[in-house]
Amino acid sequence: MALPFARSLRLCHWGARCLGVTAVEARRGVSFKLEEKTAHSSLTLFKDGTGVKYGLVGLEPSKLALNVERFREWAVVLADTVVTSGRHYWEVTVKRSQQFRVGVADMDISRDSCIGVDDRSWVFSYAQRKWYTMLANKKAPIEGIGQPEKVGLLLDYDAQKLSLVDVSQVAVVHTLRTDFQGPVVPAFALWDGELLTHSGLEVPTGL
């Protein structure tokens, strides 16, 4: 079945970043920045698009360029590179944040939604000093990890798995089984503080 026209355009735009990947890049995993045009008005990107800060007031929506790719209701931002195969690893440094979500989502997830509340995003959520998995707005607690300064995410697209990694122990804390049906992108939600992403990393030995 042919893709809807709008989605076809997005696939072409996002997918272009997946073409021409060398063997070395494939071993290192996906390299990405945050896509400013997807960022909710309360989020500000910094450090050349690798970090995101939350602002209680944020930018006035009416002063932003009208863009159908921008999240309208929730403080979400997507990465600028899609994943369609392979194993990929990236890390996130967390500063002054008590509530955030990290994971992956369909590239054309609804911009009126939040990651973790539908069945087309797969998320690890930190809130109230505890970790949870989130899928279709259902939460399940994760044990064995506190509030770290840095966490890792291991995406195995072909095996349909997304794992939360304890960077200090270089160990998988929890794995989500997924059902990817198309391209996905790293996705982030933030309600205070800031996150800094580190991509293009090799998968640590043993994971």
Side-chain angles (χ1 to χ4, degrees), residues 14 17-35 45-52 76-107 115-116 121-127 129-135 140-180 183-190 193-207:
W14 293 84
R17 295 183 179 273
C18 293
L19 301 178
V21 177
T22 67
V24 171
E25 288 172 329
R27 188 168 62 250
R28 288 172 54 193
V30 65
S31 181
F32 62 81
K33 293 183 179 181
L34 303 177
E35 184 65 86
L45 304 190
F46 69 99
K47 203 167 185 180
D48 195 25
T50 60
V52 58
V76 176
V77 62
L78 302 180
D80 66 355
T81 305
V82 301
V83 176
T84 58
S85 64
R87 298 178 81 229
H88 306 276
Y89 176 77
W90 61 92
E91 295 178 347
V92 180
T93 297
V94 183
K95 294 185 177 180
R96 299 180 299 280
S97 180
Q98 298 296 318
Q99 188 173 2
F100 59 89
R101 298 175 188 175
V102 293
V104 298
D106 280 359
M107 65 172 192
I115 56 173
S121 56
W122 300 265
V123 168
F124 297 107
S125 170
Y126 184 84
R129 300 183 179 182
K130 295 181 181 180
W131 281 95
Y132 304 88
T133 61
M134 285 197 71
L135 176 63
I142 300 174
E143 304 295 338
I145 184 172
Q147 182 180 18
E149 180 177 312
K150 183 182 289 185
V151 294
L153 285 98
L154 175 62
L155 170 63
D156 191 332
Y157 187 97
D158 301 316
Q160 302 273 289
K161 296 190 298 185
L162 177 69
S163 299
L164 180 67
V165 176
D166 183 336
V167 173
S168 64
Q169 303 293 324
V170 194
V172 169
V173 177
H174 190 88
T175 296
L176 274 172
R177 297 289 176 175
T178 68
D179 60 341
F180 301 140
V184 297
V185 291
F188 308 86
L190 182 68
E194 63 185 54
L195 302 179
L196 183 63
T197 65
H198 315 276
S199 63
L201 307 175
E202 290 190 20
V203 177
T205 301
L207 294 184

Can you tell me how far apart [atom1] ([X]) and [atom2] ([Y]) are? Round to the nearest 0.5 Å.
X	Y	atom1	atom2	answer
L162	Y157	CG	OH	13.0 Å
F32	L78	CZ	CG	11.0 Å
T197	L45	OG1	CG	9.5 Å
D158	F180	CG	CZ	10.0 Å
H174	E143	NE2	CD	11.0 Å
T178	Q160	OG1	CD	4.0 Å

Please test S168 against D166 for side chain to side chain donor-acceptor pair (under 3.5 Å), starting from the C-alpha separation and ending with a verdict. CA-CA 6 Å; S168 64; D166 183 336; 2.6 Å; yes
Between [X] and [Y], what is the shortest heavy-atom contact and its length?
X	Y	result
L195	A189	CD1-O, 4.5 Å
S199	V30	CB-O, 3.6 Å
V82	P183	CB-CB, 4.1 Å
E35	V77	O-CG2, 3.7 Å
I115	A105	CG2-CB, 4.2 Å
S97	L190	OG-CD1, 3.5 Å

Step by step, would you call K95 with L196 a side-chain contact (heavy atoms from CB on, under 4.5 Å)? CA-CA 8 Å; K95 294 185 177 180; L196 183 63; 5.8 Å; no
Could you walk me through whether L155 and V83 pass the side-chain contact (heavy atoms from CB on, under 4.5 Å) test, one step at a time? CA-CA 9 Å; L155 170 63; V83 176; 3.9 Å; yes
Does R101 reach the main-chain N or O of G116 with its side chain, forming a donor-acceptor pair under 3.5 Å?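 Judged by distance alone, no pair lies under 3.5 Å.
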Ring-plane angle category for F100 and W131, please: parallel below 30°, perpendicular beyond 60°, tilted otherwise.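 Perpendicular, since the angle between the ring planes exceeds 60°.
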Does [X] reach the side chain of [Y], with side-chain heavy atoms less than 4.5 Å apart?
X	Y	answer
L153	F124	yes
W122	V184	yes
K33	D48	yes
Y89	V165	yes

List the steps and the verdict of side-chain contact (heavy atoms from CB on, under 4.5 Å) for V94 and V102. CA-CA 11 Å; V94 183; V102 293; over 6 Å; no
